[in-house]
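Count residues from 1 along the sequence.
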Amino acid sequence: MRPYQFENAEPERQIMIEHFSGVDFSTHSTKADLAHSPDACNMISQSTDFLVKRTGYHRIVKLNRPIYGLYALPGDEHILVHAGDRLYCMNPSGSMSSIASGMNTDFSTAFLMNGCLYLLDGKKYRRIEQVSNAWRARNVTDIAFVPTTTIAAPPGGGGTSFEAVNLLTPKRINTFVGNGSAVQFQLDTKNIDTTGISATVDGVAVSVASVNAQTGVVTLAAAPPNANGLANVAITFSKSISGAADKINQCRFAGLYGGKNDTRVFLSGNPTAPNCDWQSGLFDPTYFPDTGYTRVGSDASAIVGYVRQYESQLVIKEGGSQEATQYLRTFLLDANNQAAYPLKQGAQGPGGYAFRTFASLGDMPLFLSADGVMGVFGTAVTEQRSIQRQSRAVDPRLTKEENLDKACAIVWRDKYYLAVNGKCYVADGRTYRADGSPEWYYWDNFPAISFCIFQGQLHFGTEDGRILRLCEEDEQDAFLDDGQPIDAWWCTPDMPLDDWGREKFVREVTPILMPYTRSSVTVTYETAEGEILALSRNLDLFSFVTLDFSRFTFHCQPGASAMRVRRRLHRARTVRVRIRNDKPSEPFGLLALGVRYTLGNHGI
């Protein structure tokens, strides 16, 4: 009789995931490596190899108006708030004082220079300054620099051209050399305004007898003395030019540049001149010469933002046209020893899309394009620049977002935060993928429409008027989003577990979790048949602070906690494991994940 042969038992196998990186939405869920997740939310890297649930945010105040801009004022003791059509000054406790109205109901930007903050909202160019320990907003047109356009002219006119007309003010100054008898002085322009005319002789105000606005002749009440060739007469007058101030008032964003130092401001974003920018005077954002504009490429595409790198400035334009999307601006002194800023056309590549997404992560400038987040690479030696995509891992979701032009971004604590449509895409500048791009993470329920770093902490404004602050881990209720729980999860790829052609029997899953005084975990399997609950358990450390007899524990060891999931999974083609925490006020951290399994004897 022939003996019966038993089949050999299939050996038990195990995989262990000990290193966790960011998400990968660009790779098929069966092809992603085990360190990346095809579906994770509200997780962030605590160090370089394990993940934790992101902290939530606390509400500071609600204004019932969209928060179009938040800016830390000089001294870092107050925040400037652009809410609806109002401008407020807010202290850290949330106390507000209104300092301006009539603001443009659209997103604004700002820059700092000379101890003041300059605000651009596309309607009025304002300076925010501190006077007698109080902050106030002033229209720059009211305090703009008055240029001396002509110097040392004889009474009949002429002289030497000196400073260009300031677009922000109709006022100008001409200086003359008195001859002891002349009372009439010919200005350097005609058809002047009939008001706002004054004169001084040797710095002392004198009377103006009459003005011929059409010819530009000013008659003084008495003849100034002979100055023996020196200019002793100064006449201040105005000549209004329609639309001149609006060239600056309607700008939306700025770039500081001056060669080796940020000595000047370049403004752009005016919808009536989308390919133009205007440069300020030296360290003077109240002076924009009418000769200091540059047409960057054709008007078929608009300037979207500026990138400062080494001793150059890169002007980024929209994509989609047949021209270059980047122009290199450099600094030099011309033959008259005057500052000049020549432009050099760069490559035709991905263009900018949202002017509030320009920020530098480490030494790499980033900005949003229609194809994803782009990084600017270059060298100071050759002055060559290249733009490369840095967000391939999240582009399948990011590029499908609506209203990408309204996205905003900021860099804080080595991370680039890009918010749009209530989501946040986070690039971690501490860890990079094999292709050189940073690791990315995905958050939801993050309604930021404007960002600000104030007193070292990240603040943001929302469409419904809330001003929120991202919590620190050790704060009370740090893991609540304005009182609501945070749903965070990490999901493995669809794992074939060594063999595509055989069935799998998962015998045990072991997540290694971070211990907290109060935490919990839910583990599910996901197969072609649906989601299967494998484990739902509390994971608490004993603490008198959070003592709750309904979830009492003797667990006191503050080390890694391994939880065995004994729910088995049979005849699976691929295996996906989801680790989740959605409980209010509970932190959550994932250190490692083990899966024990055997292969079936039959193919699928």
Side-chain angles (χ1 to χ4, degrees), residues 66 68-71 73 80-88 98-114 116-129 135-147 149 163-172 193 195-196 238-257 264-296 299 302-306 315 354-356 358 405-406 450:
Y68 291 124
L70 290 173
Y71 311 97
L73 289 169
L80 184 72
V81 181
H82 175 193
D85 64 348
R86 301 291 183 89
L87 200 60
Y88 299 91
S98 178
I99 61 174
S101 60
M103 299 288 295
N104 193 14
T105 54
D106 204 347
F107 297 112
S108 56
T109 59
F111 64 90
L112 288 168
M113 184 171 278
N114 302 331
C116 297
L117 186 139
Y118 291 84
L119 186 66
L120 298 159
D121 69 350
K123 184 178 180 181
K124 282 288 185 182
Y125 178 38
R126 291 176 171 86
R127 185 170 79 183
I128 316 302
E129 58 189 9
W135 290 96
R136 66 174 181 175
R138 301 184 66 183
N139 294 336
V140 178
T141 52
D142 297 334
I143 53 175
F145 171 77
V146 179
T149 54
E163 294 173 325
V165 171
N166 188 355
L167 291 170
L168 287 169
T169 179
K171 295 181 180 180
R172 311 177 191 183
D193 299 347
T195 59
S238 298
K239 180 172 182 177
S240 298
I241 299 176
S242 178
D246 284 342
K247 293 179 180 179
I248 305 302
N249 282 326
Q250 294 179 9
C251 287
R252 303 298 304 279
F253 52 87
L256 273 63
Y257 177 66
R264 299 178 192 268
V265 181
F266 290 79
L267 300 185
S268 191
N270 188 324
T272 63
N275 66 320
C276 286
D277 67 2
W278 291 264
Q279 72 181 51
S280 75
L282 185 67
F283 289 113
D284 190 355
T286 73
Y287 180 34
F288 282 87
D290 64 349
T291 57
Y293 70 93
T294 304
R295 296 188 183 277
V296 183
D299 58 3
I303 298 172
V304 182
Y306 297 96
V315 184
F355 67 89
R356 298 187 303 137
F358 285 74
D405 59 321
K406 297 181 179 179
S450 57

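- Taking CG of L267 as the start and CH2 of W278 as the end, the distance is 8.5 Å to the nearest 0.5 Å.
- Note that the OG atom of S268 and the CG atom of L120 stand 10.5 Å from one another [nearest 0.5 Å].
- Atom OG1 of residue T109 and atom CG of residue L119 lie 7.5 Å apart, to the nearest 0.5 angstrom.
- Here R126 pairs with D121 in a salt bridge; the nearest charged N to carboxylate O distance falls below 4.0 Å.
- In this structure, the side chain of N166 engages the main chain of F288 through a donor-acceptor pair within 3.5 Å.
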Under 3.5 Å donor-acceptor pairs involving side-chain atoms of residues 241-250, not counting sequence neighbours:
unit_1	atom_1	unit_2	atom_2	d
N249	OD1	Y125	N	3.0
N249	ND2	A245	O	3.4

Task: Intermediate values then yes/no, side chain to side chain contact (heavy atoms under 4.5 Å, CB included), V165 and K239 - done: CA-CA 10 Å; V165 171; K239 180 172 182 177; over 6 Å; no

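- Rounding to the nearest 0.5 Å places OG1 of T286 at 11.0 Å from CZ of R138.
- Partners of R295 under the side-chain hydrogen bond (donor to acceptor under 3.5 Å, both in side chains) rule, at least two apart in sequence or in another chain, do not exist in this structure.
- Taking both residues in full, the closest heavy atoms of L168 and V140 are given as CD1-CG1, 3.7 Å, listed atom of the first, atom of the second, then distance.
- Note that the CG atom of N275 and the CD1 atom of I303 stand 6.5 Å from one another [nearest 0.5 Å].
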- [ ] Decide yes or no on side chain to side chain contact (heavy atoms under 4.5 Å, CB included) for L70 and V81, but give the supporting numbers first.
- [x] CA-CA 5 Å; L70 290 173; V81 181; 3.8 Å; yes

- [ ] Please lay out, stage by stage, how H82 and L87 fare under the test side chain to side chain contact (heavy atoms under 4.5 Å, CB included).
- [x] CA-CA 5 Å; H82 175 193; L87 200 60; 4.0 Å; yes

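- Considering only residues two or more places apart in sequence or on other chains, F111 meets the ring pair (Phe, Tyr, Trp, His ring centres under 6.0 Å) condition with Y118.
- Between M103 and R86, the closest heavy-atom pair is CG-C, 3.9 Å.
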- [ ] Please assess R264 against L282 for the test side chain to side chain contact (heavy atoms under 4.5 Å, CB included), listing each intermediate value before the final yes or no.
- [x] CA-CA 6 Å; R264 299 178 192 268; L282 185 67; 4.1 Å; yes

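- Nearest approach of P170 to D193, heavy atoms of both residues: CB-OD2, 4.4 Å.
- Summarising the geometry of P285 relative to S280, their closest heavy-atom pair is CA-CB, 4.2 Å, with the distance given to 0.1 Å.
- Remark: the T272 side chain and the N270 side chain contain an N/O donor-acceptor pair separated by less than 3.5 Å.
- A cation-pi arrangement is found for R356 relative to F107, the charged atom lying closer than 6.0 Å to the ring centre and inside a 45° cone about the ring normal.
- Under the ring pair (Phe, Tyr, Trp, His ring centres under 6.0 Å) test applied with F253, the options F266, F358, F355 reduce to a single match, F355.
- Closest heavy-atom contact between G281 and P289: N-CD, 4.4 Å.
- Across all non-hydrogen atoms, the minimal contact from A100 to A137 is CB-CB, 4.0 Å.
- In this structure the side chain of L167 never reaches within 4.5 angstrom of the side chain of Y293, judged on heavy atoms.
- Here I99 contributes atom CD1 and E129 contributes atom CD; the two are 10.0 Å apart, rounded to the nearest 0.5 Å.
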